[in-house]
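Working notes for the structure below.
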Amino acid sequence: ELKVEQNPLFLSMQEGKNYTIYCNYSTTSDRLYWYRQDPGKSLESLFVLLSNGAVKQEGRLMASLDTKARLSTLHITAAVHDLSATYFCAVDGGSQGNLIFGKGTKLSVKP
Amino acid sequence: DTEVTQTPKHLVMGMTNKKSLKCEQHMGHRAMYWYKQKAKKPPELMFVYSYEKLSINESVPSRFSPECPNSSLLNLHLHALQPEDSALYLCASSLRGGRGALSYEQYFGPGTRLTVT
């Protein structure tokens, strides 16, 4: 059974600090996705990581993928309040393109 | 047009009602998905349509009935729901549902917040 594990599940940060969210998965998938979800809202695609060693950056967020370790990281640099949200990683669930999501990391950035 | 639209945004229905959720995209995507998301949980896949054919049904109760009339439109018909079916229902689409470099990137609609009373 495919499993996707994120940690931490809850993260309270101070503004200006750095932190990393980890996503481990149990298959040999070489594609991984990061989404952001604000309370009561839908999912917003942040990053699509398509190969081993892929690194993508957008603003204060940087995502990387190590397919050999089956690990992706989402690094937050100099956090600001606007980054407060729940972040999900997801991997391919099979040939039909369905996604399997991690449980999500609820990030709260405090002044 | 890079958006997936869903209607209605909110729906309150009784357990004996019949209602439908609608999802539409005009990005030329050939795979469309229904997910159910309970509060503080990740989305759970319900159905996948690939080229207008149902390709995955994740053991969803028959009170949920999907329909894909054409490549741009996806419906979810609801009948005799239970209070535990209250959730956010998300529709998503992707370029296609098979193997391919970008075929799995899914674009999500805003969701329908469903309350069953």
Side-chain angles (χ1 to χ4, degrees), chain A residues 1-11 21 23 25 27-52 54 56 63 65 67 72 85-108, chain B residues 2-6 9-10 23 25 27 29-51 53-60 87-115:
Chain A
E1 182 190 347
L2 172 56
K3 290 185 179 177
V4 181
E5 294 183 354
Q6 278 182 247
N7 69 83
L9 298 182
F10 298 94
L11 178 55
I21 299 171
C23 176
Y25 55 95
T27 71
T28 56
S29 175
D30 57 1
R31 281 183 282 264
L32 190 132
Y33 308 82
W34 284 97
Y35 288 90
R36 167 181 171 148
Q37 187 174 38
D38 292 293
K41 304 288 187 183
S42 186
L43 279 77
E44 174 191 354
S45 179
L46 293 175
F47 300 108
V48 179
L49 302 170
L50 297 176
S51 61
N52 186 39
K56 291 197 174 179
L65 178 62
T67 57
S72 179
T86 298
Y87 293 84
F88 291 99
C89 64
V91 297
D92 301 340
S95 62
Q96 298 304 319
N98 51 304
L99 295 177
I100 307 296
F101 286 85
K103 290 186 176 181
T105 297
K106 184 174 181 180
L107 172 65
S108 176
Chain B
T2 58
E3 115 178 287
V4 177
T5 60
Q6 287 186 245
K9 289 186 179 178
H10 300 276
C23 172
Q25 57 86 16
M27 295 180 277
H29 289 177
R30 301 309 299 272
M32 296 184 78
Y33 311 80
W34 280 115
Y35 289 87
K36 173 182 176 180
Q37 187 179 25
K38 302 282 277 184
K40 301 182 181 180
K41 298 287 187 185
E44 293 180 354
L45 183 70
M46 299 175 74
F47 302 105
V48 179
Y49 272 85
S50 182
Y51 294 90
K53 287 189 169 55
L54 183 65
S55 59
I56 292 182
N57 174 342
E58 290 287 329
S59 302
V60 179
L88 180 66
Y89 287 83
L90 294 165
C91 172
S93 71
S94 63
L95 187 61
R96 64 181 201 268
R99 290 287 177 188
L102 290 177
S103 62
Y104 292 141
E105 182 175 11
Q106 293 185 18
Y107 296 80
F108 284 81
T112 293
R113 176 74 58 189
L114 173 67
T115 303

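Throughout, a chain's letter reflects where its sequence line sits, starting with A, and its residues are numbered from 1. Keep in mind it's a predicted model, so treat the numbers as computed, not measured.
Heavy atoms of B:Gln37 lying under 4.5 Å from chain A belong exclusively to its side chain. For A:Gln37, the part lying under 4.5 angstrom from a heavy atom of chain B is the side chain only.
Applying the side-chain contact (heavy atoms from CB on, under 4.5 Å) test between A:Leu43 and each of B:Pro110, B:Pro43, B:Pro42 identifies B:Pro43 as the sole match.
How far CG of A:Leu9 is from NZ of B:Lys40: 12.5 Å, rounded to the nearest 0.5 Å. Atom NZ of B:Lys41 sits about 10.5 Å away from atom CZ of A:Phe88, to the nearest 0.5 Å.
A:Lys41 and B:Leu88 get closest at one heavy-atom pair: O-CD2, 3.9 Å.
Highest contact tally toward chain A, considering only B:Gly109, B:Ala39, B:Ala92, is held by B:Gly109 [criterion: heavy-atom pairs under 4.5 Å].
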Verdict with supporting geometry, A:Leu99 and B:Tyr33, side chain to side chain contact (heavy atoms under 4.5 Å, CB included): CA-CA 10 Å; A:Leu99 295 177; B:Tyr33 311 80; over 6 Å; no
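In terms of the side chain to side chain donor-acceptor pair (under 3.5 Å) criterion, residue partners of A:Thr67 (sequence neighbours excluded) are, by chain and number, A:Asn52.
Put simply, the side chain of A:Ser42 never gets that close to the backbone of B:Gly111: no donor and acceptor are under 3.5 Å apart.
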